[in-house]
Student: 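What follows is a structure written as structure tokens; I'll ask about it next.
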There are 2 protein chains.
Amino acid sequence: MKNEDEPKDKRLKPGDAQKLTMAEVAKYVGVSAMTVSRAFRQDASVSEETRKRIMEAVDALGYVLDLSAGSLSSRRSGFIAALVPSINNSNFSDTARGITDALQNTGLQLLLGYTDYSAEKEEELIEAMLRRRPEGIILTGGSHTARARRMLAKAGIPVVETWELPEDPINQVVGFSNSEAMALLVRTLAGQGYRKFGYIGGTTARDTRGSQRRSGFQKTVEELGLGPGRMISFGVPPITMEQGGQAIVSLLERWPDTEVVLCVSDLSAFGAIMECTRRGMKVPRDIAIAGFGDYEISSICHPRITTINVDCYGIGRQAAARLLHALQSGEATGDEITLTGYKVVLRESTDRNGAPTA
Amino acid sequence: MKNEDEPKDKRLKPGDAQKLTMAEVAKYVGVSAMTVSRAFRQDASVSEETRKRIMEAVDALGYVLDLSAGSLSSRRSGFIAALVPSINNSNFSDTARGITDALQNTGLQLLLGYTDYSAEKEEELIEAMLRRRPEGIILTGGSHTARARRMLAKAGIPVVETWELPEDPINQVVGFSNSEAMALLVRTLAGQGYRKFGYIGGTTARDTRGSQRRSGFQKTVEELGLGPGRMISFGVPPITMEQGGQAIVSLLERWPDTEVVLCVSDLSAFGAIMECTRRGMKVPRDIAIAGFGDYEISSICHPRITTINVDCYGIGRQAAARLLHALQSGEATGDEITLTGYKVVLRESTDRNGAPTA
DNA sequence: TCATCAATTGTTATCGATATCATATAGTCG
DNA sequence: CGACTATATGATATCGATAACAATTGATGA
């Protein structure tokens, strides 16, 4: 079947670098392989003149360092792993960007995986990552399978859990209380006079941040004596814009007099608002709607959406910073919790005056 | 400065896995390391009974395979690299998802990097990737620095360029003509009676897909005898929702009688529509607006946005499939071009009847 | 002037798994 | 029954860089 002996692909000229090794570069320059190895690192002691000659040879030959060999020997893989629920969510991709930026010039690279909001998939990914011996690992959330926890414990590398405040942290934490953030939003809106609160979120407990927001909502509504919240669960997290639209329809069918609806994220809030608009309801005149996460869309759409701004980028930066610190200080750092900020952003979608804009 | 000899971090119990090796697992079970190695692969010949015993030991000891060692020996790194302009763009994250899905059960992992629409950053990333010896690499677009091209040629691995049809392909291509896709949209809208066309895009040539769309627009408008298009360039790609809003203001100031505006992406189209709405203009009654990319938002927002649907996910899947094919057939595959589909999706934002919905 | 030291380079062993070849054992078949 | 084959396992060399230590050189200073 296979024609192995056919002439090689045209882009592979016979004598090409293909398997060029450090030793060959060394021979070419007339030094030892070790010297070439040193030339690739800034710290090492190589005379400027030698390094220049080596680098010229590297260029001429087209040699590319082989880290997989180096990392075996140095026992440093040169990357850190990060797992996020979804790459298709700008909150998490901002966090990924924060990590990448913090890793600049550290010689560490980011290996990203996404768990699709599933603890099982997370477990698989953790194993896949650990097989490549990352120097540290950043996780989203604090709920992991037992085996995942065991693997992480054994790995002996710094672990940072983000975006939440887990009850039983593995190691370090960089995040905030989703439940308190949502509570703050409820209190703020109650302070503006809203009384009949609805909530739209996903069905299962897969999205732990979602459940925390939900419970923060529920608890606060009750504390304020505003009766039980009107909760609609719609679909498996992450709930989409479209599901947000469907959810608000159900919610309003069941509780037509709802005054304000809080959504587990801006995306569902946006879907809900659009669906209302489409049905001839004015937001916030007929109903107020708020989201969570402060996605770009919320400051652009019409009406602009009230939300909780979360420091997504900062979470990434700080998580990476904690990791770097742990690595530098010889892994002797204890477990710490770094709180990141959040704030209510009041916008048109919950404006008591009703007229979103002139 | 550092206290290297302090007691180790509490979470690392002395006897822990830390440096558990395959040889130790082998000794524990009473077989050779080679047999343990085989047990980890399905294809290898190990008796079911031995494999079971080994896997139990692996579990009991908490051993995790070390791929960095294995890949040095087997000369297979077990991953493929993909570079996208931005992870924070759902078009590209759909492509990334397509790649990941296609890689399921192949033993290959995806290593993702983002270039931020910069050829220099791409070059850096290509080098960083090649240092880890990926078995293949997927790029976005066809414009690369000379050094990047040289490195890729020398690497001797399959390369897939995506999302475009480069004039001078490196190896394989999976994509479509952005210029023709945009041309199709212009023709479709012209067919509906629109005559005065505007265009909103980014300023520089950094985003080659953007420039191609622009030139497809320009060319077609002229071909149809609709005068030169009214082009507004706004900001460095990727242009944001907000910039879309600013751009349409400029465009309408300059050419108030414009009938329809095409945007380089749905995101800028959305921003433009919201800005119009905010200023009391009705879309499409007062002005029609269309986007490119068929992002989720475009089917949800109000009015829904006319756009070009691109098979983002399919691009990823097929790019990975081409790569896998090349790897299986002993890298002897020639350069091929795989065309992916696109289609015009007509929605409310360009509806000639003007009334988006009841 | 000779010991000492810093700077630079070389030598050798090694990281941990796997390719490759060798070997043992059991089953098959004319 | 002997040769042959398939299956299961082991022994050893090796992948390509780097750690660790050794060696060389020239400079410095008492």
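Below, read A as the first sequence line, B as the second, and so on, with proteins coming before strands; counting in each chain starts at 1. These numbers were taken from a predicted model, which means no experiment stands behind them. All heavy atoms count here, side chains included; hydrogens, waters and symmetry mates do not.
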Student: Are A:Ser68 and A:Asp66 linked by a side-chain donor-acceptor pair shorter than 3.5 Å?
Tutor: yes
Student: Any side-chain N or O of B:Thr35 under 4.0 Å from OP1/OP2 of D:dG10?
Tutor: yes
Student: Check step by step if side chain to side chain contact (heavy atoms under 4.5 Å, CB included) holds for B:Glu336 and B:Arg322.
Tutor: CA-CA 9 Å; B:Glu336 293 169 51; B:Arg322 300 310 312 155; 2.8 Å; yes
Student: What distance separates B:Glu123 CD from B:Thr145 OG1, expressed to the nearest 0.5 Å?
Tutor: 3.5 Å
Student: Of the options C:dT9, C:dG16, C:dT18, whose atoms approach the side-chain atoms of A:Arg75 most closely?
Tutor: C:dG16
Student: For A:Arg131 and C:dG16, give me the distance from atom CZ to atom C1', rounded to whole Å.
Tutor: 14 Å
Student: Rounded to the nearest angstrom, tell me the gap between atom CE in B:Met34 and atom P in C:dT20.
Tutor: 11 Å
Student: Go through the N and O atoms of the side chain of A:Arg38 and the base of C:dG10, and report whether any donor-acceptor pair is under 3.5 Å.
Tutor: yes
Student: What integer distance in Å separates B:Lys19:NZ from C:dC15:C1'?
Tutor: 11 Å
Student: Within the structure, does a side-chain N or O atom of A:Ser68 lie under 4.0 Å from either OP1 or OP2 of D:dG16?
Tutor: no
Student: Test side-chain hydrogen bond (donor to acceptor under 3.5 Å, both in side chains) on A:Asn88 and A:Ser86 and set out the steps.
Tutor: CA-CA 5 Å; A:Asn88 194 346; A:Ser86 151; 5.6 Å; no
Student: Scan side-chain atoms only and decide if B:Tyr313 and B:Asp101 contain a donor-acceptor pair under the 3.5 Å cut-off.
Tutor: yes
Student: Would you mind reading off the distance between B:Met22 atom CE and D:dG10 atom C1', rounded to a whole angstrom?
Tutor: 15 Å
Student: When the distance from CZ of A:Arg41 to C1' of D:dT18 is rounded to whole Å, what number comes out?
Tutor: 6 Å
Student: To the side chain of A:Val31, which of D:dC15, C:dG10, D:dA17 is closest?
Tutor: C:dG10
Student: Roughly, in whole Å, what's the span from CZ in B:Arg51 to C1' in D:dT9?
Tutor: 13 Å
Student: Quick one: on DNA chain D, does B:Thr50 or A:Ala69 contact a more 5' nucleotide (nearest heavy atom)?
Tutor: B:Thr50
Student: On DNA chain D, compare the nucleotides closest to B:Gly30 and A:Val64; which residue's is nearer the 5' end?
Tutor: B:Gly30
Student: Would you kindly give the CD-to-C1' distance between A:Glu24 and D:dA17, to the nearest whole Å?
Tutor: 13 Å
Student: Counting only side-chain heavy atoms from C-beta out, which of C:dC15, D:dT18, C:dT9 sits nearest to A:Val46?
Tutor: C:dT9
Student: Report the nucleotide, chosen from C:dG16, C:dT18, D:dA17, that has the shortest atom-to-atom distance to any side-chain atom of A:Asp66.
Tutor: D:dA17
Student: Tell me if the CZ atom of B:Arg131 is crowded by more than 12 foreign heavy atoms within 6.0 Å.
Tutor: yes
Student: Out of D:dG10, D:dA17, D:dA8, which has the shortest distance to the side chain of A:Tyr63?
Tutor: D:dA17
Student: At less than 3.5 Å, do the side-chain atoms of A:Ser73 and the base atoms of D:dT18 form a donor-acceptor pair?
Tutor: yes
Student: Looking at D:dT9, C:dG10, D:dA17, which one has an atom nearest to any side-chain atom of A:Ser32?
Tutor: C:dG10
Student: In terms of side-chain heavy atoms of A:Ser74, which of C:dG16, D:dT18, D:dG16 is nearest?
Tutor: D:dT18
Student: Looking only at side-chain N and O atoms, does B:Thr21 come under 4.0 Å of OP1 or OP2 in C:dA17?
Tutor: yes
Student: Rounded to the nearest Å, what distance is computed from the CD1 atom of residue B:Ile54 to the C1' atom of nucleotide D:dT9?
Tutor: 10 Å
Student: At 4.0 Å (heavy atoms only), tell me whether B:Ser71 reaches a base, stays on the sugar-phosphate, or touches nothing.
Tutor: nothing
